[in-house]
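One structure below.
Within every chain, numbering begins at 1; the chains are lettered A, B, ... in the order of the sequence lines, protein sequences first and strands thereafter. Because only heavy atoms are used, hydrogens play no part in the values below, and waters and symmetry mates are left out as well, while side chains stay in.
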Number of protein chains: 2
Amino acid sequence: MKKRDTRQRRAIRQVFLDAARPLTPEEVLERGQGEVPSLGLATVYRNVKILTEEGWLTEVALPQDGMRYELASRPHHHHFVCRTCDQAFDIHQCPPSVEEIAPAGFRVDDHEVILYGSCPACA
Amino acid sequence: MKKRDTRQRRAIRQVFLDAARPLTPEEVLERGQGEVPSLGLATVYRNVKILTEEGWLTEVALPQDGMRYELASRPHHHHFVCRTCDQAFDIHQCPPSVEEIAPAGFRVDDHEVILYGSCPACA
DNA sequence: ATATGTGCAAACTCTTTGCATGGAG
DNA sequence: CTCCATGCAAAGAGTTTGCACATAT
């Protein structure tokens with residue numbers, strides 16, 4: 001199926017290019033409406049799904065509220081979740097030897113580290 | 001508010017005492033109905049919330065599907081999620097200095113490490 | 001006896017889907 | 001001119017809440 005280059009899809013892509021952290025569909029909607037006011041939530045969901053299938057976005061599975069998405073091209077990093085404002089922040093370091101805690105017999109091919117606490121604005 | 005010791009609450013507590021891994025509300029319902037067939041899902045949600053507030057249970061935030069719960073008294077550990085059978089396993093080690101990767105200005109009060117891969121049975 | 005706990009169903013929230021219209025190619 | 005994409009509204013899935021009745025204390 002051929003993909004069309006619509007105003008909405010362009011706006012949604014731009015939102016992710018401008019984002020410094022993983023975004024929820026709701027956040028994508030708000031930001032995208034700055035560019036295309038008529039943008040609907042269903043369109044955000046549909047496009048985020050398509051962009052993820054295309055490998056342009058990746059799902060960030062943070063427990064707090066729902067799935068978040070970010071550019072697939074970003075280098076390896078982890079996340080900090082603020083329990084006060086519920087925002088997710090990137091952490092650009094990775095603890096050494098994280099994957100070595102797996103017991104023998106388990107083959108590890110990826111890992112996620114999530115820190116919880118208060119961000120600078122909420123602390 | 002004083003807490004009563006009902007059949008339902010006792011059954012739910014027993015489910016967690018018998019569990020070897022974090023459980024979803026749905027799993028608690030199924031297991032609890034073995035003891036109290038009339039048990040309702042709303043009661044599970046209410047009690048799981050109360051037991052968490054009391055500090056008897058802790059929320060386990062595995063991205064897969066929804067929140068899971070386990071005994072708070074279990075020693076600190078992390079989780080391995082098998083991408084083949086979707087089962088979660090406990091890892092009884094914790095990588096050193098995980099929380100030190102947080103940037104300045106962030107106050108960390110908890111962390112979670114999730115490894116993904118294949119468990120011994122699926123490898 | 002009294003007030004909390006329960007079960008049911010309705011309300012809510014988040015996400016997906018059906019359908020008629022809009023707009024890219 | 002064709003069809004895919006969009007917006008709306010309704011439908012689903014998961015969780016919470018209101019209410020009348022049950023029951024622990």
Side-chain angles (χ1 to χ4, degrees), chain A residues 1-16 21-70 81 83 85-88, chain B residues 1-16 22-70 81 86 88:
Chain A
M1 62 308 229
K2 182 180 54 175
K3 296 301 174 203
R4 290 182 181 176
D5 186 30
T6 62
R7 255 177 325 139
Q8 290 82 340
R9 188 162 299 157
R10 234 177 294 128
I12 290 170
R13 273 194 301 250
Q14 193 58 50
V15 165
F16 282 106
R21 56 185 187 77
L23 301 176
T24 61
E26 203 63 48
E27 290 170 326
V28 176
L29 178 69
E30 287 163 21
R31 297 174 181 213
Q33 284 179 335
E35 184 67 21
V36 182
S38 68
L39 184 61
L41 188 53
T43 298
V44 172
Y45 275 103
R46 278 187 284 235
N47 277 289
V48 145
K49 192 174 175 217
I50 289 169
L51 291 168
T52 300
E53 285 166 359
E54 289 176 347
W56 196 80
L57 289 179
T58 49
E59 298 187 328
V60 179
L62 300 180
Q64 298 331 97
D65 35 26
M67 195 61 84
R68 293 157 198 254
Y69 300 85
E70 66 184 357
V81 176
R83 283 181 162 142
C85 66
D86 278 336
Q87 283 194 348
Chain B
M1 62 307 226
K2 184 179 55 174
K3 296 301 175 203
R4 291 181 181 177
D5 186 29
T6 62
R7 256 179 324 137
Q8 291 81 340
R9 188 163 298 157
R10 233 177 294 127
I12 290 170
R13 273 195 299 252
Q14 193 57 48
V15 165
F16 282 106
L23 301 175
T24 62
E26 203 64 50
E27 290 171 325
V28 176
L29 178 69
E30 289 163 19
R31 297 175 183 212
Q33 283 180 335
E35 185 66 20
V36 182
S38 69
L39 184 61
L41 189 52
T43 297
V44 172
Y45 275 103
R46 276 187 284 236
N47 278 289
V48 147
K49 191 174 175 219
I50 289 169
L51 290 169
T52 300
E53 286 165 359
E54 288 177 348
W56 196 80
L57 288 179
T58 49
E59 299 188 328
V60 180
L62 298 182
Q64 322 326 312
D65 37 22
M67 196 59 84
R68 292 156 195 257
Y69 300 83
E70 66 183 359
V81 177
D86 276 334

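With hydrogens and angles ignored, the 3.5 Å screen pairs no side-chain donor or acceptor of B:Arg9 with any backbone N or O of B:Asn47.
Atom CG of A:Leu57 sits about 14.0 Å away from atom NZ of A:Lys49, to the nearest 0.5 Å. For the atom pair CD of B:Gln8 and CD1 of B:Ile12, the computed distance is 7.5 Å after rounding to the nearest 0.5 Å. A distance of 9.5 Å separates CD of A:Gln87 from CG of A:Leu23, quoted to the nearest 0.5 Å.
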Using a 4.0 Å heavy-atom cut-off to protein, can you give one letter per nucleotide of nucleotides 13-25 of chain D, 5' to 3': B if the base is in contact, S if only the sugar-phosphate is, - if neither? --SBBB----BBS

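Taking atom CD of residue A:Glu53 and atom P of nucleotide D:dA5, one finds them 12 Å apart after rounding to whole Å. Spacing between atom CG of A:Leu39 and atom P of D:dA5 amounts to 15 Å, rounded to whole angstrom units.
A close approach under 4.0 Å does occur between a side-chain nitrogen or oxygen of A:Gln8 and OP1 or OP2 of D:dG7.
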Which pairs of donor and acceptor atoms, one on a side chain in residues 28-43 of chain B, lie under 3.5 Å apart (sequence neighbours left out)?
{"unit_1": "B:Gln33", "atom_1": "NE2", "unit_2": "B:Leu39", "atom_2": "O", "d": "2.9"}

